[in-house]
Amino acid sequence: NNHPKTSINLHIENSDNFTAINGALYTKDMKTLLYMPNKIKGGIVPISDETEIIGEGSCSYIKGVYPDTAIKANIPKSVKKICKNAFFGADICLLKILSDVEIEKTAFANSKINGLVINMETVPSEVFTDCEEIYCIKSCEGVKRIEKHAFKLGTITNIYISPNTEVDSDFIDMSDKMYIKKHFGTCSFDDLDNPDRNKMTLEEAKKELTIGGEKNSSAHNYAIKNGIRFIEVENDIDKIDEFLKGYHQESKFKFGEENPF
């Protein structure tokens with residue numbers, strides 16, 4: 001988990017145990033993904049619609065290659081389980097989890113996710129908390145609960161929480177004293193020997209975050225309690241996407257006027 005896996009091409013013929021498609025390795029029945037090459041061509045992570053389990057470490061360190069460096073990962077509805085470290089260290093532009101699925105802790109540890117759309121019933125603890133970056137999160141109506149420390153402050157620019165969603169009092173982890181800065185314009189290059197030169201304090205991290213949702217909702221109460229900016233957003237697809245894009249600087253940079261969500 002501490003070192004990127006080697007990018008290899010798999011050539012398996014007449015195997016009784018495995019199926020290989022375009023360099024990805026599955027069990028023979030295609031139900032478990034065992035390995036996905038690091039470098040993804042075509043802009044979309046090619047997970048088979050027959051996949052039920054995304055195996056441990058199978059999609060670790062994946063990233064796009066030029067000209068499709070911004071890759072999207074749509075988790076198929078057939079997937080029932082995403083194992084620990086499945087996407088460890090991945091660099092994903094847009095991740096969509098639109099059906100209920102069991103996700104083990106650290107499944108997305110140390111990853112970078114530009115935009116995250118979730119519609120699973122429960123977002124478990126510590127699934128996204130160790131991500132290096134999650135710029136933008138959209139919680140859909142299917143999300144009933146977000147558990148403690150599901151996300152970490154300092155990695156989020158903005159998050160929309162559905163009115164149907166109950167959030168734990170600590171659903172955003174604020175335990176660290178220092179947080180990684182995300183925008184080059186706010187980084188300091190004055191003290192190159194200081195390991196914390198590109199990090200911000202808790203108060204600075206809070207100023208980076210905007211929570212959108214319904215007034216008097218669980219998310220609204222959380223924002224008030226923790227001194228985080230809250231914007232009332234109508235429960236309408238267009239209004240939600242307008243909020244996400246409007247407060248999402250990285251999306252503007254990568255997508256221009258196109259709505260990435």
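All values reported here derive from a predicted model rather than from experimental measurement. Nothing fancy with the numbering, it's 1 onward along the sequence.
A donor-acceptor distance shorter than 3.5 angstrom exists from the side chain of Ser111 to the backbone of Phe108, with no hydrogens or angles considered. Asp236 places a side-chain N or O within donor-acceptor distance of the main-chain N or O of Lys239, the cut-off being under 3.5 Å. The main-chain N or O of Lys84 is found under 3.5 Å from a side-chain atom of Glu104 such that the two form a donor-acceptor pair. In this structure, Ser218 contributes its side chain and Val167 its backbone to a donor-acceptor pair below 3.5 Å.
With values rounded to the nearest 0.5 angstrom, Ile146 atom CD1 is found 4.5 Å from Ser139 atom OG. With rounding to the nearest 0.5 Å, the separation of NZ in Lys138 from CG in Asn158 is 12.0 Å. To the nearest 0.5 Å, the span separating NE2 on His220 from CD1 on Ile231 amounts to 10.0 Å.
Residues Leu34 and Ile53 are members of separate hydrophobic clusters, defined by side-chain heavy-atom contacts under 4.5 angstrom among Ile, Leu, Val, Met, Phe, Trp and Tyr. There is no path of hydrophobic side-chain contacts, each under 4.5 Å, that joins Leu202 to Met178. Linking ILVMFWY side-chain heavy atoms closer than 4.5 Å, directly or via other members, places Ile21 and Ile62 in a single hydrophobic cluster. No path of Ile, Leu, Val, Met, Phe, Trp and Tyr side chains, each step under 4.5 Å between heavy atoms, connects Met36 with Ile44, placing them in separate hydrophobic clusters.
Under the side-chain hydrogen bond (donor to acceptor under 3.5 Å, both in side chains) criterion, Tyr26 pairs with no residue at all, not counting sequence neighbours.
Using cut-offs of 30° and 60° on the angle between ring planes, the pair Tyr61 and Phe88 is perpendicular. Phe128 and Phe151 have parallel rings, their planes meeting at less than 30° on a 0 to 90° scale where 60° marks the start of perpendicular.
Glu133 and Asn114 share no donor-acceptor pair across their side chains, judged by distance under 3.5 Å alone. If you check the side chains of Asp49 and Ser78, you find no donor sitting under 3.5 Å from an acceptor.
Residues in residues 142-151 take part in these side-chain hydrogen bond (donor to acceptor under 3.5 Å, both in side chains) pairs, two or more places apart or across chains: Arg145-Asp168.
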Step by step, work out the salt bridge (Lys or Arg N to Asp or Glu O under 4.0 Å) result for Asp91 and Lys63. CA-CA 5 Å; Asp91 190 350; Lys63 62 180 180 180; over 6 Å; no

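Shown here is Asn22, whose CG atom has no more than 12 heavy atoms of other residues, nucleotides or ligands within 6.0 Å.
Between Asp68 and Lys41, no side-chain nitrogen of the basic residue sits less than 4.0 Å from a carboxylate oxygen of the acidic one, so the salt-bridge criterion is not met. Of the charged side-chain nitrogens involved, none lies within less than 4.0 Å of a carboxylate oxygen, so that Glu204 and Lys199 do not count as a salt-bridged pair.
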